[in-house]
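Working notes, beginning with the structure itself.
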Amino acid sequence: MFKCTNKTRVLLSLPLVFGVDYSIGFVINYLGFMKILLINIHQLLQIRESDVCYVAGKQMDDLPLLQNAWLLINKDTIEDFGPMQTVPLKATKNIIDCSDRVVMPTYCDSHSHIVYAGDRVDEFVQRLEGKSYQEIAAMGGGILNSAQKLKKTTENQLYQQAAQRLENCAYLGTGALEIKSGYGLNLESELKMLRVAKRLGTKFPVAIKSTFLGAHALPEKYKDRKDEYVRHICKDMIPEVATQNLADYIDVFCEEGYFDLADTEQILSAGAKHGLKGKIHVNQFNIIGGVALGVAMEALSVDHLELLDEEDLSALEGGQTMPVALPGCSLFLDIPFTPARTIIDRGLPLALATDFNPGSAPSGNMNLVISLACMRMKMTPAEAINAATINGAYAMGLATTHGSITRGKKASLIITDPIKDYSHLPYDFGQNHIDQVILNGRIL
Ligand code: NIG
Ligand code: FE
């Protein structure tokens, strides 16, 4: 039996010394157990039937759990679970004792830009000295600054940098991640970013979804010719991305000074023709009607929503589009937090994601995200965990395989260190309570 401690992690990792691709910096237990049994689980969180694909309104404050439970992993799948009185001790010799620990599904981070080159720490310092995010962007910084850096970075270097970030996220409990392009801003560089995202998905046991975000900013080359760039995105870039099967979704930065409603509609329509559903950036700095448009065009999610009005709320009520809040961005840019209480109290669902990117949220830590959601958006711990797991899975099209403890779903699990209750995850903000992560039945 393995005790769930750091020492155990080392023991389990020893056989890895042989045959592991250290260039990706990712250590997985390849012992190849067919079955692993987790026993004495203090709280087994987020237990759902397979027909629950998201939770909304009052349901968000309900986090179904079993006290003193077991869970059996078979290959990459959750085979079964139950109360300790029924533990099937004969199922396997590979047993992990989870006494005093919480076991829950890994986080589903449905919005990130982790494929980027270098950093923008200089802009961070400029903002501390008084410049705003928009002022820095207007001076050629911001997204265009990242685009320049990306151009000078080889595909391999880009992969190495992103792989390091992804590895850190995985150890912090992220088991599914959406990754956007959008720092290429020309066909060649956008394809480069998307290829890196795809490669991450093949090398890591984290479930990856890719989103084409050619409309992230207007590239220098198209200055004062926005319509031409939008046409280029629709006529050349989207078909090529689709032909090469490099994206699952399409995104637009629908915002004053970036892409307006007409641009957004054009790009989402072009994407839809190639089977790409929308996941759009809206209402970060201004309200220009992007939420209603996104819902009308059956976007999978509308993300940011730091600002929200009555028209946005009623549009959301009429659709299947998941609102997504990005509290790390609000914290980092010192802008309003998404009004989660208004959204949830209206009976709507809400997902939480990191927005991990070099300019507005350089952190991929979902534990921090749920702490911020409680402290600054007044969500309860149960609401925050629902938003970061089952609702996050929905917002990235993975609700049938991830986001809950459900028989038949992927065995992607977090095992915490000893804690009295799951509320300690957001409460002890800044403290890492994650002791072990299991991804697709493999122990990190
Ligand atoms: O989601 N708002 C647009 N895109 C990113 C920021 C990109 C950047 O600053 O590099 C976001 O916040
Ligand atoms: Fe973003």
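Atoms within a ligand are numbered from 1 in the order they appear, just like the ligands themselves. For clarity, every value in this text was computed on a predicted model and none was experimentally measured.
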Main-chain N/O of L65 paired with Q46 side-chain donor or acceptor, under 3.5 Å: no
Heavy-atom pair with the smallest gap, counting every atom of S189 and L150: CB-CD2, 3.8 Å
Y229: partners by ring pair (Phe, Tyr, Trp, His ring centres under 6.0 Å), with sequence neighbours left out: Y222
Any donor-acceptor pair under 3.5 Å from N391 side chain to Y54 backbone: no
Atom-level proximity to ligand 1, residues with heavy atom under 4.0 Å: H111, H113, R120, Y133, I143, Y183, H216, F253, H281, Q284, H304, D355, N357, G359, S360
The Fe ion (ligand 2) neighbourhood, protein N/O/S only, threshold under 2.8 Å: H111 NE2, H113 NE2, H281 NE2, D355 OD1
Non-neighbouring partners of H304 that pass ring pair (Phe, Tyr, Trp, His ring centres under 6.0 Å), sequence neighbours left out: H111, H281
Salt-bridge criterion met for D334 and R127 (N-O under 4.0 Å): no
Expected output: side-chain E255 to main-chain F285 donor-acceptor under 3.5 Å: yes
Ion pair check, E228 and K221, cut-off under 4.0 Å: no
Lys/Arg-Asp/Glu bridge criterion (N-O < 4.0 Å) met for K180, E178: yes
